[in-house]
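Beneath this line is the structure, given in structure tokens, with notes to follow.
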2 protein chains.
Amino acid sequence: MTIPLPGTQVRGSKTGKPIMALLDLIGRTWALGILWNLQQGPATFRELQQRCEQISPTLLNNRLKELKTLQLIEMQSAGYQLSAYGSELITIILPLGGWSQKWAKELKQGSQPMHAKQLKESEL
Amino acid sequence: MTIPLPGTQVRGSKTGKPIMALLDLIGRTWALGILWNLQQGPATFRELQQRCEQISPTLLNNRLKELKTLQLIEMQSAGYQLSAYGSELITIILPLGGWSQKWAKELKQGSQPMHAKQLKESEL
DNA sequence: AAATCATGCTACATTATTTGTAGCAGCATT
DNA sequence: AATGCTGCTACAAATAATGTAGCATGATTT
């Protein structure tokens, strides 16, 4: 899989717009999950594998290469860690954690924010 | 592909944590792109296909099913549109647009992140 | 020095997902 | 009844993810 460099054609988009490169990146399995798990501090390859619930080494290594190239992570003596860019990105993403819990709770209860449509039982 | 319902085992995670379901969802090709493109207003299936740069109808339909089930979008007479949940989610994601432009520019220049710097209008 | 261990990582076959093209069925207008 | 929309499905080919095994390197222990 080619690395979604902003300014180039990426998976699903030919425009080269930075947001499209970023959406391609975070639309790859475990890309955000890796950044998410690096929040708790630097980790070795194998430690990171465990934090990511036994992600396969092949995939982990592919993502690490991409994230390194895009300067979202870096490797130091302590292991892999978020770079300055990576920290900024994860900071933006952070509110998803709380939001997802609210969303999950309300989905389960069948309640809904105003104007939302009720799910049919058969769709659950 | 099974739908990443919070509380269930999802692609890459067995914990059932809502954030993992959400990361699975947005880790699927075009899932965020579809929400992103629905910001500019409701769209018919084919209009949406065009906004998403000729995404294949198979994939578009799969994503729409998932997003509908998870109540992030809904279909009305005007076409597909963001639900209340979808709007909330995209609001959280929105800052990625500006950030990605700063990131792209600095990557290209080989410079480092500038935490305090405010982007000029012309740079957005 | 040899054996053991932990590390980052690659090889590779299997399975799952995405892509791209063609086209169907339903409805409205001409 | 022909045309032109619509939402969508079928299906084969291409691409990506998974899971297991294990290699090569360096540090530590015997």
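Proteins get letters first, then strands, A, B, ... in listed order; numbering begins at 1 in each. Side chains are part of it too, since the values below use all heavy atoms of this structure and drop only hydrogens, waters and symmetry mates.
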Q.
From the set dT19(C), dC8(D), dC9(C), return the single nucleotide nearest to any side-chain atom of Lys68(B).
A. dC8(D)
(Q) Please report the distance, rounded to the nearest Å, between OH in Tyr80(A) and P in dC9(C). (A) 3 Å
Q | Whole angstrom value for the distance that separates P of dA21(D) from CZ of Arg46(A) | A | 14 Å
Q | Nearest-Å distance for atom pair CD/P, residues Gln54(B) and dG20(C) | A | 10 Å
Q. For Trp30(B) and dT18(C), what is the distance between atoms CH2 and C1' respectively, to the nearest whole Å?
A. 13 Å
(Q) Please find the pair of heavy atoms, one from Thr29(B) and one from Arg11(A), that lie closest to each other, and give the distance. (A) OG1-NH1, 3.3 Å
Q.
Quiz question: going by heavy-atom distance under 3.5 Å, is there a donor-acceptor pair between the base of dA11(C) and the side chain of Thr58(A)?
A. yes
(Q) By the 4.0 Å heavy-atom rule, please label Thr29(B) as base, sugar-phosphate, or nothing. (A) sugar-phosphate
Q) Pick one: which of Leu67(B), Ile90(B), Leu82(B) meets side chain to side chain contact (heavy atoms under 4.5 Å, CB included) with Leu38(B)? A) Leu82(B)
(Q) In this structure, how many angstroms lie between the P atom of dA17(D) and the NZ atom of Lys65(A), rounded? (A) 13 Å
Q. Out of dG7(D), dG19(D), dT21(C), which has the shortest distance to the side chain of Pro57(B)?
A. dT21(C)
Q) So, does Trp103(B) use its side chain to make a donor-acceptor pair with the main chain of Leu70(A) at under 3.5 Å? A) yes
Q. What is the distance, rounded to the nearest whole Å, between atom CG of Leu59(A) and atom P of dT15(C)?
A. 18 Å
Q. Using a cut-off of less than 4.0 Å, is there contact between a side-chain N or O of Arg28(A) and OP1 or OP2 of dA17(D)?
A. no
(Q) On DNA chain C, compare the nucleotides closest to Gln49(B) and Glu66(B); which residue's is nearer the 5' end? (A) Glu66(B)
Q.
Over all strands shown, is Thr44(B) touching base, sugar-phosphate only, or nothing at heavy-atom distances under 4.0 angstrom?
A. sugar-phosphate
Q.
Closest approach to the side chain of Asn61(A), judged atom by atom: which nucleotide of dG19(D), dC9(C), dT9(D) is it?
A. dC9(C)
Q. Between Asn62(A) (CG) and dA17(D) (P), how many Å, whole number?
A. 8 Å
Q. Distance check: side-chain N/O of Arg11(B) vs OP1/OP2 of dT18(D), anything under 4.0 Å?
A. no
Q) Can you tell me how far C1' of dT20(D) sits from CD1 of Ile55(A), to the nearest Å? A) 15 Å
Q. If you take all heavy atoms of Leu5(A) and Val10(A), which pair is closest and at what distance?
A. O-CG1, 4.1 Å
Q: Indicate whether any N or O donor in one side chain lies under 3.5 Å from an N or O acceptor in the other, for Glu53(B) and Ser13(A).
A: yes
